[in-house]
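A quick write-up on the structure given underneath.
Counting convention: from 1, in listed order, for ligands and their atoms alike.
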Amino acid sequence: MSLKGPTTEQHDGSGLRIGIVHARWNSTVIEPLVAGAKAKLLAAGVKESNIVIQSCPGSWELPIAVQRLFSASQIQSTSGSGPSAGDLLAASTSDLTSLASAAPTAFDAIIAVGVLIKGETMHFEYIADAVSQGLMRVQLDTSIPVIFGVLTVLNDEQAKARAGIDGKGHNHGEDWGLAAVEMGVKRRE
Ligand SMILES: O=c1[nH]c(NC[C@H](O)[C@H](O)[C@H](O)CO)c([N+](=O)[O-])c(=O)[nH]1
């Protein structure tokens, strides 16, 4: 029994709106991670219509993609009105600023998902450091929890194990989903 891993708490996610922003690099690992996070959100009572999933090219883009999702405030609401997520990502900063002032914050937490796999160069180190600092800054600047769902691994085997697709590992996406519910509920307390 590993000593690692979070001690989970039970929380009612039925009133929460959660975003998931994922990179598209290493998508065979990204997909189960996102699925694991979403499954735990639904299991905690988060309505499917209150889960917004968007993507960006790679992990480097996660901080700005998460920040824009916050400033976009308006999301495809449950009524289906409002600009689409694609429209919002294409909108200018001034448009987003006006949107943000016009609507309440739309998210209780956002999960940022990426898979960084060490290569032969220092590229991995620079991206990993910048993305972790960037996501931390976005959550502190916005006071909205950003769950760190970026795997920083040394090889494909480590990535597969942490997505639970090697037959013996644990899907870390599930932990991120539970963290998003807990932090989203506590943010409202
Ligand atoms: O999400 C990742 N992006 C990666 N690079 C792309 C980067 O995130 C940006 O998308 C790109 O540099 C363009 O800005 C990776 N590697 O280079 O190895 C990686 O492993 N994972």
Side-chain angles (χ1 to χ4, degrees), residues 4-6 18-41 51-72 75 83-97 107 109-142 144-181 183-184:
K4 293 178 69 177
I18 306 290
I20 300 176
V21 181
H22 69 83
R24 292 192 302 274
W25 265 67
N26 306 312
S27 56
T28 55
V29 181
I30 289 282
E31 283 162 15
L33 289 169
V34 172
K38 182 176 178 182
K40 289 297 184 181
L41 294 178
I51 300 173
V52 174
I53 300 179
Q54 290 183 358
S55 73
C56 58
S59 295
W60 178 266
E61 284 74 31
L62 284 170
I64 189 71
V66 169
Q67 188 182 64
R68 285 183 74 94
L69 199 53
F70 283 139
S71 52
I75 57 168
S84 73
D87 295 341
L88 292 171
L89 284 176
S92 68
T93 303
S94 59
D95 293 345
L96 291 174
T97 305
F107 294 101
I110 288 190
I111 306 170
V113 182
V115 176
L116 279 165
I117 302 177
K118 172 76 177 154
E120 296 169 350
T121 68
M122 290 290 290
H123 196 209
F124 167 89
E125 283 81 355
Y126 288 108
I127 297 177
D129 181 52
V131 171
S132 54
Q133 297 295 336
L135 292 174
M136 176 59 76
R137 184 159 73 82
V138 168
Q139 78 170 343
L140 295 177
D141 287 353
T142 61
I144 297 177
V146 175
I147 306 306
F148 186 71
V150 181
L151 295 185
T152 52
V153 294
L154 302 180
N155 53 54
D156 294 1
E157 290 68 33
Q158 289 182 353
K160 291 175 183 172
R162 285 151 184 79
I165 56 177
D166 66 340
K168 53 184 184 286
H170 162 69
N171 186 339
H172 286 220
E174 297 176 1
D175 304 331
W176 305 335
L178 291 172
V181 171
M183 297 306 288

Within the 4.0 Å heavy-atom shell around [X], which atoms of ligand 1 are there?
{"X": "I117", "result": "18 (O), 20 (O)"}
{"X": "I127", "result": "5 (N), 7 (C)"}
{"X": "H123", "result": "17 (O)"}
{"X": "N26", "result": "19 (C), 20 (O), 21 (N)"}

**Study point:** Top protein contact for atom 1 (O) of ligand 1, by heavy-atom distance
**Key:** S59 OG, 2.7 Å
Practice item. Look at atom 11 (C) of ligand 1 and say which protein heavy atom is nearest, naming residue and atom and giving the distance to 0.1 Å. Key: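 The closest heavy atom on the protein side is E61 OE2, 4.1 Å.
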**Study point:** V115 N/O to ligand 1 N/O under 3.5 Å
**Key:** yes
Review point. Does E61 use its side chain to pair, donor to acceptor, with the backbone of G58 at less than 3.5 Å?
Key: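 At least one qualifying donor-acceptor pair exists.
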Check your understanding: So H172 and W176, would you call those rings parallel, tilted or perpendicular, with 30° and 60° as cut-offs?
Key ->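 Because their plane-to-plane angle is over 60°, the rings of H172 and W176 count as perpendicular.
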**Study point:** Heavy-atom side-chain proximity of L33 to N171 below 4.5 angstrom
**Key:**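 A side-chain contact exists here, since the closest heavy-atom pair is under 4.5 Å.
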Practice item. Identify which of W25, Y126, W60, F124 has a heavy atom lying nearest to atom 18 (O) of ligand 1. Key: W25
Exercise for review: Provide the full list of ring-ring contact (aromatic ring centres under 6.0 Å, His included) pairs with a residue in residues 111-133, sequence neighbours left out, each pair given once.
Suggested key: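 Those involving residues 111-133 do not exist here.
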Review point. For atom NZ of K118, is the number of surrounding heavy atoms from other residues, nucleotides or ligands below 6.0 Å larger than 12?
Key: yes
